[in-house]
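To keep things clear, I will list the structure first and then write my remarks on it.
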Number of protein chains: 2
Amino acid sequence: MAQRSKRPAARASRASAARAAGRAGTGRRDELLTIAADLFATGGYASTTVRDIADAAGILSGSLYHHFSSKEEMADAILSGFLEDVLAQYDEIVAAREPARETFAALVSATLLAMDRHQSAVVIYQNDGRQLAALERFAYLRDAGGRFEAAWTEVLQRGIDEGEFRRSLDVPLAYRLIRAALWTVASWYRSGGEHSAPEIADHYVAMLLDGIARGRRKKAKD
Amino acid sequence: MAQRSKRPAARASRASAARAAGRAGTGRRDELLTIAADLFATGGYASTTVRDIADAAGILSGSLYHHFSSKEEMADAILSGFLEDVLAQYDEIVAAREPARETFAALVSATLLAMDRHQSAVVIYQNDGRQLAALERFAYLRDAGGRFEAAWTEVLQRGIDEGEFRRSLDVPLAYRLIRAALWTVASWYRSGGEHSAPEIADHYVAMLLDGIARGRRKKAKD
DNA sequence: GTCTATAGAGGGATAGAC
DNA sequence: GTCTATCCCTCTATAGAC
């Protein structure tokens, strides 16, 4: 991990940094979680030490244990907050039962807006989720994965049944492609960068639904 | 990491396991690299210890240093072998200058076949590449990323210029979607599973080029 | 090529003062 | 809420015997 000065430095703009990262940032705990999330996302959960987090927060490592009982608890708080948020939105969208194309676009938008609000958490979920999910404490990560898959599988199958999506589609493969396309945005997205999250959503919906090629299909009976 | 018995166990089928994983497996070094690659891919580079690797190989950790001078050297050998292989194929395909659609399909195929041959390496490249690339020793990972991007950017732009791909395409965004879709296959693919690598390639080419929706576009002048 | 034995650094976490 | 001080463990890597 990067070196940091042994002793604090500017505590000044930490609260605003927390707000910019999309968290409420009311208490010290949330502030520390934002700092930890940034470090976990940048350097990986396993390679980030509690001393790294304490240094970035301008305190000593022992002091972190006044707020959290373990390093795992920090990752837990970061991930569960993000997942509750995004899954609640998935449930609403699926329950609305709009036509498949509209539901599809709504799920893409909801995913990328959640990514914008919880960027660090999404990166951690992507990079470290599989290993964390092996721990009992993070069993809910497996459930969350199942709920994502169920939502997308439902829309894709419904789209095929209703004649909106290609009959030749392999639903599990399509889900994996979509999942990869959406969540990995978190690893390169920069808030305030070239494209806003809704702009990316529009481009992605267009590419995923209609493809990158113009008109012409090779097989006619799709 | 998972617990393993303190003392060796079956050395019997290790060579065949190495062959099944797609490596030549001629010497002891390659055998150990295959074992290390599997563990790095499953548990992450940072969380996999040299003792884990030694245990899986049925030797003690000190003995590994007869074959490798460091843990980094193992990751280096695994990743550089994979990247040399796949980038050589990319160069051939781009140099052939087939029509954009054909080049596109060839790149997808080459990527997924390389993924099949070097599955563990691809998983490591995906999960740990960013952090490893920060080390001087792994600077070539950054170069490799640039060459992947250059190849895809060239095809995509040429496809637009030749009228095969949509004019509304944002090339960098399209590249990122494609990159995510292809490399993440390594994290769920099982050799001998439901779909072979070429079958996945066909499905992915169809979805990426022509989309998952049937006919009808919303905007006509794409 | 593997083992024994261990150095030396850095990790997560704790107890109690302030 | 933070600091001091430190425990105990695990990690990578080394030296030399077999």
Rounded to whole Å, please give me the gap between [atom1] in [X] and [atom2] in [N].
X: L60(A); N: dA15(C); atom1: CG; atom2: P; value: 18 Å
X: R28(A); N: dC3(D); atom1: CZ; atom2: C1'; value: 14 Å
X: H66(A); N: dG1(D); atom1: NE2; atom2: C1'; value: 5 Å
X: I59(A); N: dT4(D); atom1: CD1; atom2: P; value: 13 Å
X: D55(A); N: dG12(C); atom1: CG; atom2: P; value: 12 Å

query = Under 4.0 Å between a side-chain N or O of S63(A) and OP1 or OP2 of dC3(D)?
reply = yes
message = Which heavy atom of Y45(A) sits nearest to which heavy atom of A75(A), and what is that distance?
response = CE1-CB, 3.7 Å
key: Pairwise salt bridge (Lys or Arg N to Asp or Glu O under 4.0 Å) hits with a residue in residues 67-80 of chain A, at least two apart   = R29(A)-E73(A), D76(A)-R137(A)
task = Could you list all the salt bridge (Lys or Arg N to Asp or Glu O under 4.0 Å) pairs where at least one residue sits in residues 177-200 of chain B, not counting sequence neighbours?
result = none
key: Working for ring pair (Phe, Tyr, Trp, His ring centres under 6.0 Å), residues F82(B) and W183(B)   = CA-CA 13 Å; F82(B) 148 62; W183(B) 290 126; 5.7 Å; yes
note = Across all chains, not counting sequence neighbours, the side chain to side chain contact (heavy atoms under 4.5 Å, CB included) partners of D85(B) are Q89(B), R117(B), H118(B)
query = In chain order, what residues pass the side chain to side chain contact (heavy atoms under 4.5 Å, CB included) check against A206(A), with sequence neighbours excluded?
reply = R166(B)
Could you write out each protein N or O paired with an N or O of nucleotides 9-13 of chain D at a distance under 3.5 Å?
unit_1: dT12(D); atom_1: OP1; unit_2: K71(B); atom_2: NZ; d: 3.1
unit_1: dT12(D); atom_1: OP2; unit_2: V50(B); atom_2: N; d: 2.9
unit_1: dA13(D); atom_1: OP2; unit_2: Y65(B); atom_2: OH; d: 2.9
unit_1: dA13(D); atom_1: OP2; unit_2: K71(B); atom_2: N; d: 3.0

task = For the pair R97(B) and E154(B), find out whether any cationic side-chain nitrogen is under 4.0 Å from an anionic carboxylate oxygen.
result = yes
remark   = With five pairs defining each end axis, the helix from dG1(C)-dC18(D) to dC18(C)-dG1(D) comes out bent, to 10°, by 10°
ask   = Do T111(A) and Y90(A) have side-chain N/O donor and acceptor atoms under 3.5 Å apart?
value = yes
